[in-house]
2 protein chains.
Amino acid sequence: MATTIEQTDGGSGALDTLVGYHLRRVYGIFGSDFTEAMEGTGLRQVLFGILSVVAANPGMRQGAAGEMLGIQRANMVALINELVAADLIDRQVAEDDRRAFALTVTPAGKVAMAEALRRIRAHEDRLLADLSHDERRTLIGLLERIERTRT
Amino acid sequence: MATTIEQTDGGSGALDTLVGYHLRRVYGIFGSDFTEAMEGTGLRQVLFGILSVVAANPGMRQGAAGEMLGIQRANMVALINELVAADLIDRQVAEDDRRAFALTVTPAGKVAMAEALRRIRAHEDRLLADLSHDERRTLIGLLERIERTRT
DNA sequence: TATTGTTATACTCTATAACTATA
DNA sequence: TATAGTTATAGAGTATAACAATA
C-alpha cells in the first residue's frame, strides 16, 4: 500500500520494482545453469559466443568478432588462443592486411557448436518452461529494443 | 529464411535466437550504465542491493541478507565491512545469538539510499525510454516468472 | 600517424575449503 | 554436531596503458 520504502516487509524492498535487479537475478540463474549445461564440453558463454559469431561470419577479423560481442581487443587474445589450442577456431594472417587475423570455425568447431547448441536449447527450455512461445518472443523482443537504445 | 545456422550473415548467428544471449547483452548495458549513474556515491550494484534488503528488513542477519541476494557468506564479509566503514550500515552482535550480526541501515545510509534510488530511477528511465509502462511491467513480470522457476 | 594484435597488470565478482566462536 | 561469520585463495570477467608490426 505504501509508495515509499517499507520497513520490515520481509522482501527485497525497493529492489523489486527495478528492472535492473530482476535482470541481474535472471542473468545469474541463466549463467550458472549454462555452466552446468556445458560441463565437459570445455565451452563457456564467451567461447560459445565467439564460435557463433565466427561461424556466422567466416574469415572475420579477431577485432571485429570482439566488437560484436563487446569484448575488448586485449581480452580477445587469450580467448582466441584457447579456441585455437582446442582446434575449434582456425586463425590465419589476413591476406589483405598482415596485421590482422582471419578467423574461421574448424570442422571440429562446428561439431562442438552443434552439440553446445543442443545443450543450450535444452537449458533454455528448462528455464523458460513456464513461458509460452509467444511470451518468449515477447521477452526477446523487449530485450532487443533495449539493446537498440544503447549499443 | 533458413532455420539452420547461416554462413556470412553479418549477424550474431544462432546467438540471436537465444534468450540467454540477449539477457547477457542487456545485463551488460544496465551494468555499465548503473556504474556511471552511481559515480561519486561509492555505491555499486551489490552494495545498493544489500542496503535495500537491510532497509526493508531492519535487524536482519548478515547471512540472511546474503541469501536473499545470492551472495555467499564468505563474500558478504568484505561487503559489510565496506558498508560499515562508510557508516551506511550498523552491525551489532545479535542479542539472541552471539554468533550472528544484526544489520540496520544508518541515517547516513538512508540518505545515501534515497540519492541512489533517485539516480537509479533516472538510469532505468533512460535505458527503458523506448518501452511503455505496460511493457516495463510485462518485462518485470516475465523475469519474475523465470526467477520463480529456479530460486 | 593510426590500427591490429599483444603483453602486463589490476580490480571486481564469484566459488571453495578450512578455521573460530558460539549454539 | 551444526551454524554464523571469517580468512585465504583461486578463477573468470573486465578494464587500461604501453608496445611491436603493419598500414
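In what follows, chains are A, B, ... by sequence order, proteins preceding strands, each numbered from 1.
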Presence of [X] side-chain N/O under 4.0 Å of [N] phosphate oxygens OP1/OP2:
X: A:Arg91; N: C:dG5; answer: no
X: B:Gln72; N: C:dA15; answer: yes
X: B:Gln62; N: D:dT6; answer: yes
X: B:Arg99; N: D:dA2; answer: no

Toward the 5' end of DNA chain D, by each residue's nearest nucleotide, A:Asp97 or A:Gly70: A:Gly70
Ion pair check, B:Glu124 and B:Arg121, cut-off under 4.0 Å: no
Taking only Lys NZ, Arg NE, NH1 and NH2, and the carboxylate oxygens of Asp or Glu, determine whether A:Asp130 and B:Arg148 approach each other closer than 4.0 Å.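 A salt bridge is absent here (no side-chain N lies under 4.0 Å from a carboxylate O).
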Using the side-chain heavy atoms of [X], tell me which of these nucleotides is nearest: [options].
X: B:Arg73; options: C:dT4, D:dA4, D:dT14; result: D:dA4
X: A:Val77; options: C:dT16, C:dT6, D:dG13; result: C:dT6
X: B:Val46; options: C:dT16, C:dC13, C:dA15; result: C:dC13
X: A:Arg98; options: D:dT22, D:dT16, D:dG5; result: D:dT22
X: A:Asn75; options: D:dA8, D:dT14, D:dA23; result: D:dT14

Flag if over 12 foreign heavy atoms under 6.0 Å of CD, B:Glu67: no
What is the separation between atom [atom1] on [X] and atom [atom2] on [N], rounded to the nearest whole Å?
X: B:Leu47; N: C:dT12; atom1: CG; atom2: P; answer: 10 Å
X: B:Phe34; N: D:dT14; atom1: CZ; atom2: P; answer: 18 Å
X: A:Leu69; N: D:dT14; atom1: CG; atom2: C1'; answer: 14 Å
X: B:Ile71; N: D:dG5; atom1: CD1; atom2: P; answer: 13 Å
X: A:Gln45; N: D:dT14; atom1: CD; atom2: C1'; answer: 14 Å
X: B:Met76; N: C:dA15; atom1: CE; atom2: P; answer: 14 Å
X: A:Arg25; N: C:dT14; atom1: CZ; atom2: P; answer: 12 Å
X: A:Leu79; N: D:dA12; atom1: CG; atom2: C1'; answer: 10 Å

Whichever of A:Ala100 and A:Asn81 has its nearest DNA chain C nucleotide further upstream toward 5': A:Ala100
Under 4.0 angstrom, heavy atoms only, what part of the nucleic acid is B:Ala94 near: base, sugar-phosphate, or nothing?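 Since no nucleic acid heavy atom lies under 4.0 Å of B:Ala94, the category is nothing.
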So how far is it from A:Leu131 CG to B:Leu142 CG, rounded to the nearest 0.5 Å? 6.0 Å
Would you compute the distance between atom CD of A:Glu144 and atom CZ of B:Arg25 and round it to the nearest 0.5 angstrom?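 A:Glu144 CD to B:Arg25 CZ: 11.0 Å, rounded to 0.5 Å.
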